[in-house]
Asks: 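Would you mind keeping the following structure in view while I ask a few things?
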2 protein chains.
Amino acid sequence: MSELESVIRKLEALDHRITPSRVAVIASVLAQSGHFSVEDVLRQARAVGRATVFRTMRLLTDLDVVCRVLLDDGSLHYRVSRRGHHHHLVCVSCGNARDLDECAVGDLVRELAAATEYEIEGHWLEFYGRCAACRSPVAVAARA
Amino acid sequence: MSELESVIRKLEALDHRITPSRVAVIASVLAQSGHFSVEDVLRQARAVGRATVFRTMRLLTDLDVVCRVLLDDGSLHYRVSRRGHHHHLVCVSCGNARDLDECAVGDLVRELAAATEYEIEGHWLEFYGRCAACRSPVAVAARA
DNA sequence: CATGACAGTGATACTTGGTATCAGTGAGAC
DNA sequence: GTCTCACTGATACCAAGTATCACTGTCATG
């Protein structure tokens, strides 16, 4: 079963209709490498209305098909989500994002809950850095 | 020395002028309890132009007088910053934010850097939860 | 088949949060 | 006095996202 089909099954399972517009958006999303903005999807699925793209992105977010990535300039991007709760490490130079295998703040959340009497419901964690490729002398020279 | 004076000194030290508009914005910022939006400041310093408020907020952010707080609805707020790098725990019910004493992901950053060959430059970490007051039966009953 | 309900649609107007522009102002240097 | 220049407010603008609305395709029912 292709990824596209599997997303479509998810939609069907929740009584959402499978429409050409939705398929176009989903296909465009799945074709993205790394993280992408709604604009990227809009550009690739020109036939689909702006509102529909936003609506479909929200649907996909609710279905955990994509997750949101907060860039260090404050802009919101998306990324195909192939696992559950996790965090991202975003290269500020080339823009690539990689998923971190597990959520490393679970212990922290428990400690915090005990220390503060808050009931902790969620958290945002993103790391920003420079990937190996962007740190290599070649890349550095090319940028200069 | 009042907090206001101390902020003014910081500005002076960096050759920024002390103007009535800036003083009004800074006073309004310092008067806020917890986190606040630019709109809150605009509302309290009506005589000051919109652009100037935004400009001054950026100045204060650069000077570490305030820090930015990302709310769980994605909106950006500010908070008077009385220490260095730290994170926030925001109550999703009453909106109060508290500072966490230290950045708990320092070790994590070092581990990550070793594991991924990224040079890690920064991170965003915010926790969302429900504070003790908002979890108390009285508060729960009052909300119902 | 008719028809009615309704999820979904695209165009478009709007809102929100923030930035760019620009002519004007006031304080200090000379 | 006058020149410079940081700073100002008004305003136009921009990007991202949402609300509205008339329309469409699908499906269940009579």
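Every chain is numbered from 1 and lettered A, B, ... according to where its sequence line falls, protein lines coming before strand lines. Remember, it's a predicted structure, so these values are computed and weren't measured experimentally.
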Asks: If the condition is side chain to side chain contact (heavy atoms under 4.5 Å, CB included), which residues does A/E117 pass it with, not counting sequence neighbours?
Replies: B/A132
Asks: Kindly state each residue pair satisfying salt bridge (charged side-chain N to carboxylate O under 4.0 Å, His left out) with at least one member in residues 2-12 of chain A, sequence neighbours excluded.
Replies: A/E3-A/R82
Asks: In Å, rounded to the nearest 0.5 Å, how long is the span from CZ of A/R68 to NE2 of A/H35?
Replies: 15.5 Å
Asks: Take B/V38 and B/R17, find for each the nucleotide of DNA chain C with the closest heavy atom, and name the residue whose nucleotide sits nearer the 5' end.
Replies: B/V38
Asks: Please identify the 5'-most and 3'-most nucleotides of DNA chain C with any atom under 4.0 angstrom from a heavy atom of chain B.
Replies: C/dG17 to C/dG26
Asks: Decide yes or no for A/R98 and A/C131: does some side-chain heavy atom of the first lie under 4.5 Å from some side-chain heavy atom of the second?
Replies: no
Asks: What is the distance from CZ of B/F54 to P of D/dT11, rounded to the nearest Å?
Replies: 17 Å
Asks: How long is the line joining CD of B/E12 and P of D/dA6, in whole Å?
Replies: 17 Å
Asks: Name the orientation class of the two ring planes belonging to B/H87 and B/H123 (parallel below 30°, tilted from 30 to 60°, perpendicular beyond 60°).
Replies: tilted
Asks: Take atom CZ of A/R58 and atom P of D/dA16, then tell me their distance rounded to the nearest Å.
Replies: 17 Å
Asks: How many Å lie between CG on A/D15 and C1' on D/dC27, as a whole number?
Replies: 13 Å
Asks: How many Å lie between CZ on B/R55 and C1' on D/dA6, as a whole number?
Replies: 11 Å
Asks: Looking at residues 40-53 of chain B, who's got a heavy atom less than 4.0 Å off DNA chain D?
Replies: B/A47, B/V48, B/G49, B/A51, B/T52
Asks: Please state how far atom CD1 in B/I8 lies from atom C1' in D/dC7, giving the value in whole angstrom units.
Replies: 16 Å
Asks: Which heavy atom of B/L100 sits nearest to which heavy atom of B/F127, and what is that distance?
Replies: CD1-CD1, 3.6 Å
Asks: Using the test side-chain hydrogen bond (donor to acceptor under 3.5 Å, both in side chains), find all partners of B/R110 that sit at least two apart in sequence or belong to another chain.
Replies: B/D107
Asks: Does anything in residues 47-69 of chain A pair up under ring pair (Phe, Tyr, Trp, His ring centres under 6.0 Å), and if so which pairs, sequence neighbours excluded?
Replies: none
